[in-house]
2 protein chains.
Amino acid sequence: MTMTTEAKASTRERLLEAAATLTYREGTGVGIQALCQAAGVSKRSLYQLFDSKDELLAVSLERGAPAYKAWLLPPAGDDRSPRERILHVFGQLESQSAAPDFQGCRYLAVQIELKDPTHPASRVARGVKDDLTGFFRAEADRGGARDPDLLARQLMLIFDGASARAGVGADDLAGLVSPTVGGLLDAAGLR
Amino acid sequence: MTMTTEAKASTRERLLEAAATLTYREGTGVGIQALCQAAGVSKRSLYQLFDSKDELLAVSLERGAPAYKAWLLPPAGDDRSPRERILHVFGQLESQSAAPDFQGCRYLAVQIELKDPTHPASRVARGVKDDLTGFFRAEADRGGARDPDLLARQLMLIFDGASARAGVGADDLAGLVSPTVGGLLDAAGLR
DNA sequence: ACCAACATAAACCGATCGGTTTCCGCTTCT
DNA sequence: AGAAGCGGAAACCGATCGGTTTATGTTGGT
């Protein structure tokens, strides 16, 4: 057997990483030539690892999702209150928005750029967004919100709005997100 | 004189209209071939009316801005309260979001698609967004909000968030926007 | 009736698109 | 050492990109 475990997984990983980086910075319209060059991989290798550019984008987005969630969401077995756990998410967003290369939530951007909701990458993006909505609703529920579904939708409104505004450089979110979310949680009666 | 008034303005107008329609539906990446075909105009005419595709996009966006504002904002000499005037904007957004071909705010989409903020079309889009922010701030001020600047930023958060969420089909905004904005206005002490 | 301006269709330009194929070097196993 | 296969470089495919040019109407003014 040829080292089944431990694997370096290099060529595929480099492609996925390059796809993640370049499509975020330049949009989903980046050429596969640029992708391959950035990854140091030949087009030949690309097309024997993936069926198409679309699939590469989708897999790249999907592979990055767990890390994104792990970074955005609080640990599962957290002892903090739902309120604090929800605010944690927005704190992460706000801190990320300070980065010089921040361009907003990549999953939202992908859905906007690829107008077609049936595009594989768009489907993956929608799934990630749905997961975040689910987190909000679960916490809203746990915190005894008056209308957990409504609160979850409101939080997503703020999340995507903040992400988009900061992503296009229209706002830096400083002193904006926390009070807004706080007000929402108060109004929802989140204990 | 060759009919200075009354003008049919056909060729240029058709191009601007086609640009508005197609870039909204398909994104800023549409080819000029498709643009010309939709407008029933030759590429030659395009390039003697505009310097480049980028300029065409920018002019198209700019030409549509007054109509957009007229539709979105309440009449200038309105006798309604600031609160009602602000809610009018969100009512318009919500009603627009029901349309089957709604894809979110085109000015936000343009900024996200063209990552480059110096792109002429991106500059135009930013200007329109700034105008809306200015409207919110003016109304917040007039209504005696505790912190008019903060309220304006919050309202833009909601506006862009709602536009993006509805645009990608993640939410239909029904029963979501009005209570959320209402809560914000209450919290800001808008009389 | 003639002329000038404008708009069209279509060929053309070099560059790039997504995707395929050929060739060749390098590693790795036997 | 020899065989097998992975992966990189690069040519190649037809199509399209943004943009230019030529040649052919078509129109309206005098």
Side-chain angles (χ1 to χ4, degrees), chain A residues 1-23 25-61 110 113-116 118-122, chain B residues 1-23 25-61 110 113-116 118-122:
Chain A
M1 54 89 168
T2 63
M3 60 155 177
T4 32
T5 47
E6 178 254 327
K8 65 178 178 61
S10 117
T11 222
R12 183 185 168 92
E13 294 300 312
R14 267 181 290 148
L15 265 174
L16 291 171
E17 184 57 35
T21 302
L22 284 189
T23 59
R25 184 191 310 149
E26 323 232 353
T28 56
V30 279
I32 62 167
Q33 197 152 241
L35 251 10
C36 288
Q37 185 173 344
V41 162
S42 67
K43 291 167 75 173
R44 179 174 207 271
S45 302
L46 194 169
Y47 281 103
Q48 60 191 54
L49 288 168
F50 302 95
D51 286 345
S52 64
K53 177 194 173 186
D54 288 351
E55 195 207 328
L56 169 61
L57 295 190
V59 174
S60 169
L61 235 50
V110 159
E113 288 171 34
L114 314 167
K115 314 285 186 187
D116 175 14
T118 71
H119 188 295
S122 192
Chain B
M1 51 89 164
T2 63
M3 60 153 180
T4 32
T5 46
E6 177 253 327
K8 64 178 178 62
S10 117
T11 223
R12 181 184 169 94
E13 293 300 313
R14 269 182 289 147
L15 264 175
L16 292 171
E17 184 58 34
T21 302
L22 284 189
T23 60
R25 184 193 310 149
E26 323 231 352
T28 56
V30 279
I32 61 169
Q33 198 151 240
L35 251 10
C36 288
Q37 185 173 346
V41 163
S42 66
K43 290 167 74 175
R44 180 170 208 272
S45 302
L46 195 170
Y47 281 104
Q48 61 190 53
L49 288 169
F50 302 95
D51 286 346
S52 65
K53 177 193 173 187
D54 288 351
E55 195 207 329
L56 169 60
L57 295 191
V59 174
S60 170
L61 236 49
V110 159
E113 288 170 34
L114 314 168
K115 313 286 185 186
D116 175 15
T118 71
H119 188 295
S122 192

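In what follows, chains are A, B, ... by sequence order, proteins preceding strands, each numbered from 1.
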### Query
About how many Å separate OG1 of A/T23 and CG of A/L61, when rounded to the nearest 0.5 Å?
6.5 Å
### Message
Please check: side-chain N/O of B/S122 versus main-chain N/O of B/T118, any donor-acceptor pairing under 3.5 Å?
### Response
no
### Message
Rounded to whole Å, please give me the gap between CD in B/E55 and C1' in D/dG18.
### Response
14 Å
### Task
Return the value, rounded to whole Å, for the distance between atom CD of B/E13 and atom P of C/dC6.
17 Å
### Task
Check the distance between D/dG18's C1' and B/Q33's CD and give it to me in whole angstrom.
10 Å
### Message
Output the rounded distance in Å from CG (A/L22) to P (C/dC17).
### Response
12 Å
### Nearest-Å distance for atom pair CG/P, residues A/L35 and C/dC17
10 Å
### Query
Would you say A/S42 reaches D/dG8's phosphate, i.e. side-chain N/O to OP1/OP2 under 4.0 Å?
yes
### Query
What is the distance from CG of A/L46 to C1' of D/dG7, rounded to the nearest Å?
12 Å
### 5′-ward residue of the pair B/V41/A/G31 relative to DNA chain C
B/V41
### Query
Rounding to a whole Å, what distance do you find between B/F50:CZ and C/dA7:P?
12 Å
### Message
Once rounded to the nearest 0.5 Å, what's the spacing between atom CD1 of A/I32 and atom CZ of A/F50?
### Response
12.5 Å
#### Entry: Distance in angstrom units between A/R14 CZ and D/dG7 C1', rounded
9 Å
### Task
Would you indicate whether the side-chain heavy atoms of B/H119 and B/E113 approach each other to under 4.5 Å?
no
### Query
Roughly how far, to the nearest 0.5 Å, is CG of A/L56 from CZ of A/R12?
9.0 Å
Protein N or O to nucleotides 20-23 of chain C N or O, pairs below 3.5 Å:
from   : atom 1 : to    : atom 2 : distance (Å)
C/dT22 : O4     : A/R44 : NE     : 2.9

### Query
Under 3.5 Å, is there a donor-acceptor pair between the side chain of B/K53 and the main chain of B/V30?
yes
